[in-house]
Amino acid sequence: MTPSEIWGEVKQKVKRKWKLAFLSAVCVGLLVHMPVMLSDIPNHDGLDSMYFDQNMITSGRWFLSVACGFSSYYTLPWLIGLLGLLFLGVAAAVLVELLEVEKGWAVAACSGLLVTFPALASTFAYVFTLDGYMMALLLALLAVLCTKKYEKGFLAGGVCLAFSLGIYQGYLAFAMILSLYAVVMRWAGGESWQKKVRHTLHYLYMGVLGAVLYYGLLQVLLVLQGKELDTYQGINGMELGIASRTGGIFPALAGMYRDFAAFSLKGNVVFHNWISLAALVLLGVAAVFWGSASLHSRKGWKNPGFFAIMGVALVMLPLVTNIVLLISPDVTYHLLLRYQWVLFPIGLVAIVGQKDPDGEGAEGGLGTGKTGKGRTSREASEQGTTGKRVSGGKISSQGMRRILWEWTALVAAHVLVFFYGVTDNIGYSNLQKRYEKTYAYCVRLLDRIEQTEGYYTGIPIAMVGVVGDEPYPVTDITLPVTGNMIGLGGDILLYRGDNYREFIRHYLGATLNILPPEAMAEMYDTQEYVDMDSFPGEDSIRIIDGIMYIKTENRER
């Protein structure tokens with residue numbers, strides 16, 4: 001076949017909702033994340049990753065180097081961001097197919113939520129690895145879709161899951177939450193219970209196969225490279241067993257439930273003001289109404305197996321959402337690892353965005369103009385999609401409620417998209433200010449270093465990276481919003497001595513011989529160091545025995 005013929009074949013097989021999901025994700029993503037994509041604004045880790053081959057096999061990420069290799073190993077925010085959004089666009093199409101979202105407005109809302117949730121903004125702050133992480137997310141979603149769609153799909157699903165884990169383990173929760181959702185929806189159908197059990201087990205097979213393949217390849221590659229798993233983020237905990245590190249499995253599980261509730265209600269991410277909270281509540285109420293109507297129309301209330309599975313799923317939901325705490329109980333729970341919370345508002349939208357209880361609404365609904373049978377949305381609302389007309393041409397009360405709740409869900413979902421986008425840009429605004437403050441600070445510091453008597457190019461320099469808050473009080477006004485958005489909050493980019501070295505090298509064009517932290521071991525606890533001023537104090541820099549000591553922190557007697 002010629003390229004044009006192949007393109008024609010592909011166009012015929014691509015569903016309209018897939019194209020809508022892809023375009024919505026990419027366009028909304030560009031609108032929201034353009035500020036950081038068009039800038040060269042590092043965070044503290046980005047200073048060390050201006051060029052980084054992403055070989056992080058010691059953190060269990062044996063496929064990350066390949067995943068990030070398409071954009072080169074240089075930090076190129078525009079290219080990396082664009083690739084990340086393309087992966088997200090495909091992921092959005094996979095997600096709406098997996099959740100069986102049919103109505104056009106709901107497809108757009110699901111895509112919008114996926115690309116605006118604040119956890120993604122934190123990932124953009126670590127832009128040097130964004131494209132690889134978004135590939136990992138896409139693979140995690142494909143793992144569930146393959147398992148759902150095909151009889152032996154758990155085989156391909158297991159491979160996809162293994163490679164997703166090989167890039168970043170944080171998206172395992174996506175696969176587990178969506179697998180739970182798929183199982184619940186399966187049990188809501190009219191199949192025999194034997195068939196439901198068989199398909200439920202397929203998700204277990206997919207997960208076991210993916211985990212075994214991931215861990216097996218990890219061990220082989222560790223041996224080939226002569227390395228061992230690092231202690232970073234407790235990744236070596238995969239080999240230790242949770243009971244030996246936490247005092248038992250039950251305290252660990254209780255902690256997972258507590259964390260789930262605390263972050264959901266008080267994390268200031270899922271909602272951060274009364275408007276977004278109200279939108280989330282209204283979306284939830286609309287989903288409950290719509291789900292109840294759908295269950296009633298399908299006689300699902302007569303299926304005790306469905307309610308049993310639903311109960312088990314609700315109990316397991318906090319655990320699978322926080323699965324990272326079971327894998328690595330000592331993990332520093334960054335917002336990057338909490339992206340899966342976006343599935344909760346997306347799931348509420350999906351319930352309302354599926355086919356209506358009477359079977360209509362495919363590939364259409366509010367905002368599309370067409371329904372699955374080619375009728376206009378006005379005709380559908382008059383003849384079934386939102387409730388059949390009664391005598392005299394009036395819409396039934398049930399039909400009016402459907403119209404009301406669908407409009408409620410539409411407005412609430414897009415309000416959430418808007419406010420998530422606002423949150424993201426508040427974070428990006430502060431990230432820009434962090435860079436400017438760091439630049440001004442380092443200009444003054446470099447000038448003082450070079451003017452210190454006894455300084456020469458290449459002199460060994462020992463210092464602590466933390467900037468004291470007495471000479472420089474907090475000026476970040478975004479903390480009520482960005483407090484949990486790692487990489488975006490705070491005043492300064494510097495936390496370690498090598499942060500100074502890299503920032504001054506890349507942005508001020510000077511090279512400093514910053515010694516490793518061990519160089520401060522003998523000096524740090526001496527009275528001489530304690531009595532030094534904190535920069536910019538007059539006595540904040542001293543040369544002792546050929547080493548320049550710089551005190552930037554507040555360390556008083």
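Computed from a prediction, not measured in an experiment: that's the story for all the values here.
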S.K.: Any idea which heavy atoms bring Ala409 and Ala286 closest together, and the distance?
M.R.: CB-CB, 4.0 Å
S.K.: Does the side chain of Val101 come within less than 4.5 Å of Val349's, by heavy atoms?
M.R.: no
S.K.: Is there a side-chain contact between Thr116 and Leu120 in this structure, where contact means two heavy atoms from C-beta onward sitting under 4.5 Å apart?
M.R.: no
S.K.: What distance do Met56 atom CE and Ile167 atom CD1 have between them, rounded to the nearest 0.5 Å?
M.R.: 13.0 Å
S.K.: Could you give me the CA-CA distance, side-chain angles and deciding distance for Val352 and Trp405, then say whether side chain to side chain contact (heavy atoms under 4.5 Å, CB included) is met?
M.R.: CA-CA 8 Å; Val352 184; Trp405 286 119; over 6 Å; no
S.K.: Step through the shown structure and confirm whether more than 12 heavy atoms of other residues, nucleotides or ligands are within 6.0 Å of CZ on Phe52.
M.R.: yes
S.K.: To check you understand the geometry: which heavy-atom pair defines the closest contact between Leu99 and Gln354, and what is its length?
M.R.: O-NE2, 3.0 Å
S.K.: Is there a donor-acceptor contact under 3.5 Å from the side chain of Ser24 to the main chain of Ala108?
M.R.: no
S.K.: Does any N or O in the side chain of Lys196 come within less than 3.5 Å of the main-chain N or O of Trp187, such that one atom is a donor and the other an acceptor?
M.R.: yes
S.K.: Output yes when a side-chain donor or acceptor of Ser164 lies under 3.5 Å from a complementary backbone atom of Cys160, and no otherwise.
M.R.: no
S.K.: Give, for atom CG of Leu138 and atom CG of Leu86, the distance between the pair rounded to the nearest 0.5 Å.
M.R.: 11.0 Å
S.K.: Where is the tightest heavy-atom contact between Leu98 and Leu141, given as atom of each residue plus distance?
M.R.: CD2-O, 4.5 Å
S.K.: Got a sec, which pairs hit salt bridge (Lys or Arg N to Asp or Glu O under 4.0 Å) with one end in residues 269-293, sequence neighbours left out?
M.R.: none
S.K.: Find out whether Tyr126 and Ile486 are in side-chain contact, i.e. whether some heavy atom of one side chain is under 4.5 Å from a heavy atom of the other.
M.R.: yes
S.K.: Can Ser65 and Tyr73 be counted as having a side-chain donor-acceptor contact under 3.5 angstrom?
M.R.: yes
S.K.: Going by atom types only, do Gln169 and Tyr214 share a side-chain donor-acceptor pair under 3.5 Å?
M.R.: yes
S.K.: Do Val32 and Val115 have side chains that approach each other closer than 4.5 Å (heavy atoms only, starting at C-beta)?
M.R.: no
S.K.: Nearest 0.5 angstrom please: Thr129 OG1 to Met134 CE, how far?
M.R.: 9.0 Å
S.K.: I want to check something: taking the side chain as every heavy atom from C-beta on, are Tyr181 and Leu317 in contact at a cut-off of under 4.5 Å?
M.R.: no
S.K.: Just one of Arg186, Lys148, Gln194 clears the side-chain hydrogen bond (donor to acceptor under 3.5 Å, both in side chains) bar with His199, so which one?
M.R.: Arg186
S.K.: Could you pull out all residues at least two apart from Phe87 that satisfy ring-ring contact (aromatic ring centres under 6.0 Å, His included)?
M.R.: none
S.K.: Do Ser71 and Asp131 get their side chains close enough for a donor-acceptor pair, meaning under 3.5 Å?
M.R.: yes
S.K.: For the pair Met176 and Leu180, evaluate side chain to side chain contact (heavy atoms under 4.5 Å, CB included) and give the outcome as yes or no after the intermediate values.
M.R.: CA-CA 6 Å; Met176 298 185 75; Leu180 273 182; over 6 Å; no
S.K.: Looking only at atom types and distance, does a side-chain atom of Asp424 sit under 3.5 Å from a main-chain N or O of Ala121, one as donor and one as acceptor?
M.R.: no
S.K.: Mind listing the closest non-hydrogen atom pair of Met206 and Leu161 along with its distance?
M.R.: SD-CD2, 3.8 Å
S.K.: Would you say the side chains of His334 and Ser122 form a donor-acceptor pair under 3.5 Å?
M.R.: no
S.K.: Evaluate the side-chain proximity of Thr75 to Val127: yes if any heavy-atom separation is below 4.5 Å, no if none is.
M.R.: yes
S.K.: Side chains of Tyr257 and Asn322: any donor to acceptor distance under 3.5 Å?
M.R.: no
S.K.: Taking atom CG of Leu218 and atom CZ of Arg61, what is their separation to the nearest 0.5 Å?
M.R.: 12.0 Å
S.K.: Would the distance check show the side chain of Lys17 and the main-chain N or O of Val107 forming a donor-acceptor pair, the cut-off being under 3.5 Å?
M.R.: no
S.K.: I'd like to check the ring-ring contact (aromatic ring centres under 6.0 Å, His included) partners of Phe263; sequence neighbours left out, ordered by chain and number.
M.R.: Trp341
S.K.: For salt bridge (charged side-chain N to carboxylate O under 4.0 Å, His left out), just list the numbers for Glu151 and Arg198, CA-CA rounded to whole Å, side-chain angles, deciding distance to a tenth of an Å, and then say yes or no.
M.R.: CA-CA 10 Å; Glu151 183 64 26; Arg198 186 173 75 252; 3.4 Å; yes
S.K.: Would Arg338 and Asp259 satisfy side chain to side chain contact (heavy atoms under 4.5 Å, CB included), going step by step from the backbone distance to the final call?
M.R.: CA-CA 11 Å; Arg338 296 187 184 270; Asp259 180 88; 3.0 Å; yes
S.K.: For Glu406 and Trp290, does a side-chain donor sit closer than 3.5 Å to a side-chain acceptor?
M.R.: no
S.K.: Rounded to the nearest 0.5 Å, what's the gap from CG on Leu130 to CE on Met37? Could you check?
M.R.: 8.5 Å
S.K.: Using modelled atom types only, decide if a donor and an acceptor are shared between the side chain of Ser264 and the backbone of Ala261 within a distance under 3.5 Å.
M.R.: no
S.K.: List the atom of Ala279, the atom of Val415, and the distance in Å for their closest heavy-atom pair.
M.R.: CB-CG1, 3.9 Å
S.K.: Considering only heavy atoms from C-beta outward, does the side chain of Leu325 approach that of Leu319 to under 4.5 Å?
M.R.: no
S.K.: Do you know which of Phe124, Tyr168, Phe174, Tyr133 makes ring pair (Phe, Tyr, Trp, His ring centres under 6.0 Å) with Tyr339?
M.R.: Phe174
S.K.: Taking the six-membered ring of Phe289, is NZ or CZ of Arg401 closer than 6.0 Å to its centre and within 45° of its axis?
M.R.: no
S.K.: Side-chain contact test, heavy atoms from C-beta onward, threshold under 4.5 Å: evaluate it for Val94 versus Leu142 and give yes or no.
M.R.: yes
S.K.: Provide the closest heavy-atom pair for Tyr333 versus Gln340 in the form atom of the first, atom of the second, distance.
M.R.: OH-NE2, 3.8 Å
S.K.: Output, in order, the C-alpha distance, side-chain angles, deciding distance and verdict of side chain to side chain contact (heavy atoms under 4.5 Å, CB included) for Phe306 and Val184.
M.R.: CA-CA 7 Å; Phe306 167 75; Val184 170; 3.7 Å; yes
S.K.: Does Asn273 use its side chain to pair, donor to acceptor, with the backbone of Ser276 at less than 3.5 Å?
M.R.: yes
S.K.: Measuring from Thr482:OG1 to Ile426:CD1, what's the distance to the nearest 0.5 Å?
M.R.: 8.5 Å
S.K.: Using the benzene-type ring in the case of Trp, are the ring centres of Trp62 and Phe163 under 6.0 Å apart?
M.R.: yes
S.K.: If we ignore hydrogens and angles and just use 3.5 Å, is the side chain of Tyr420 paired with the main-chain N or O of Val270 as donor and acceptor?
M.R.: yes
S.K.: Check whether Thr321 reaches the backbone of Ala173 with its side chain - one donor and one acceptor, N or O, closer than 3.5 Å.
M.R.: no
